[in-house]
Amino acid sequence: MVISRKHWSPGSDVSVQSVERRDSGGWTVSGSLTPNGICPDCGLQSRRRHGWRRRRLQDYPAHGDGVTVTLWVCRWRCLAPACPRRTFSDQIGSIARPFARRTSRVGEIVSHLGHATGGRPAERLGPWGQ
């Protein structure tokens, strides 16, 4: 069975550019989001790109090794004069919460393990506790 790039994608709105095996072990999945440019405060769509930022998230392990998802997220300038937010990034709510270090699907597993085993033992069970 051949595994394609779409099998590595953490979400439907992520376009996977590459999947690489790291020398130190583990996998790096590089991708980008489909840019939308909608300000989270005022809801106005912007067409002025401010730049890019890289977001790294821990995802499900594959073949016994850790997987890091590296996403290139577009930054925008809000063009509404009354909006308090000057710049903003495209949101990846379907994959991870703002400021999260893990994808939502890994976060759910960590939460369930922590609840079932009482915290510290769950940390040792998963690859995130190493």
Side-chain angles (χ1 to χ4, degrees):
M1 179 171 110
V2 176
I3 297 176
S4 67
R5 288 184 189 174
K6 75 174 188 171
H7 289 97
W8 287 93
S9 181
S12 61
D13 49 350
V14 175
S15 172
V16 174
Q17 270 84 40
S18 68
V19 177
E20 298 173 358
R21 181 109 168 116
R22 293 189 300 255
D23 292 336
S24 60
W27 300 88
T28 300
V29 178
S30 298
S32 62
L33 287 175
T34 305
N36 64 10
I38 297 174
C39 178
D41 286 349
C42 67
L44 182 72
Q45 184 166 5
S46 177
R47 290 197 173 117
R48 262 186 90 190
R49 191 169 284 158
H50 180 63
W52 295 89
R53 72 185 262 264
R54 185 172 57 185
R55 180 110 187 248
R56 291 186 183 164
L57 300 166
Q58 178 187 15
D59 200 16
Y60 281 145
H63 306 289
D65 292 324
V67 174
T68 302
V69 176
T70 303
L71 292 176
W72 288 99
V73 181
C74 192
R75 292 196 49 79
W76 302 90
R77 289 186 190 276
C78 185
L79 302 176
C83 185
R85 190 178 292 241
R86 296 288 172 222
T87 64
F88 60 93
S89 294
D90 284 332
Q91 299 298 311
I92 56 173
S94 63
I95 301 164
R97 298 172 59 119
F99 306 104
R101 296 182 182 191
R102 297 182 180 116
T103 60
S104 297
R105 57 192 189 178
V106 171
E108 288 176 22
I109 289 175
V110 171
S111 175
H112 291 306
L113 281 172
H115 181 71
T117 61
R120 290 283 178 203
E123 187 176 347
R124 290 188 295 271
L125 281 175
W128 42 82
Q130 297 171 355

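Because the structure is predicted, anything quoted here is derived from the model rather than measured.
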| remark: In terms of heavy-atom contacts, R86 and A80 come closest through NH1-O, 4.2 Å
| Any idea which heavy atoms bring T103 and A96 closest together, and the distance? | CA-CB, 4.3 Å
| What is the minimum heavy-atom distance between P35 and W76, and which atoms define it? | CB-CZ2, 3.7 Å
| task | Mind listing the closest non-hydrogen atom pair of V106 and Q58 along with its distance? | result | CG2-O, 4.0 Å
| Could you give the distance from OG1 (T68) to CH2 (W27), rounded to the nearest 0.5 Å? | 12.5 Å
| field | Listed partners of S89 passing side chain to side chain contact (heavy atoms under 4.5 Å, CB included), at least two apart | value | R53, V73, R75
| Sequence neighbours excluded, which residues qualify as side-chain hydrogen bond (donor to acceptor under 3.5 Å, both in side chains) partners of T70? | none
| message | Determine whether a donor-acceptor pair (N or O, by modelled atom type, separation under 3.5 Å) exists between the side chain of R55 and the backbone of A100. | response | yes
| Hydrophobic cluster partners of W72 (side-chain heavy atoms under 4.5 Å) | W52
| Do any N or O atoms from the side chain of S104 and from the backbone of I95 form a donor-acceptor pair under 3.5 angstrom? | yes
| request: Please step through side chain to side chain contact (heavy atoms under 4.5 Å, CB included) for the pair L57 and L71, ending with a clear verdict. | output: CA-CA 8 Å; L57 300 166; L71 292 176; 4.3 Å; yes
| said: Using 0.5 Å steps for rounding, measure from the CZ atom of R54 to the OG atom of S32. | reply: 14.0 Å
| query | Should I38 and L44 count as side-chain neighbours, where that means a heavy-atom distance under 4.5 Å? | reply | no
| task | Apply side chain to side chain contact (heavy atoms under 4.5 Å, CB included) to the pair Q91 and L33, showing each step before the final yes or no. | result | CA-CA 9 Å; Q91 299 298 311; L33 287 175; over 6 Å; no
| message | Does any part of the side chain of V29, heavy atoms only, come nearer than 4.5 Å to the side chain of V16, both counted from C-beta? | response | yes
| task | Report the residue from R102, R101, R105 that forms a salt bridge (charged side-chain N to carboxylate O under 4.0 Å, His left out) with D59. | result | R105
| Of all heavy-atom pairs between S46 and L79, which one has the smallest distance, and what is that distance? | OG-CG, 4.0 Å
| note | Distance col, row R85:CZ vs D41:CG, nearest 0.5 angstrom, shows 4.0 Å
| Taking the side chain from R22 and the backbone from G25, do they hold a donor-acceptor pair closer than 3.5 Å? | yes
| query | Out of curiosity, C74 SG to H50 NE2, how far, rounded to the nearest 0.5 Å? | reply | 10.5 Å
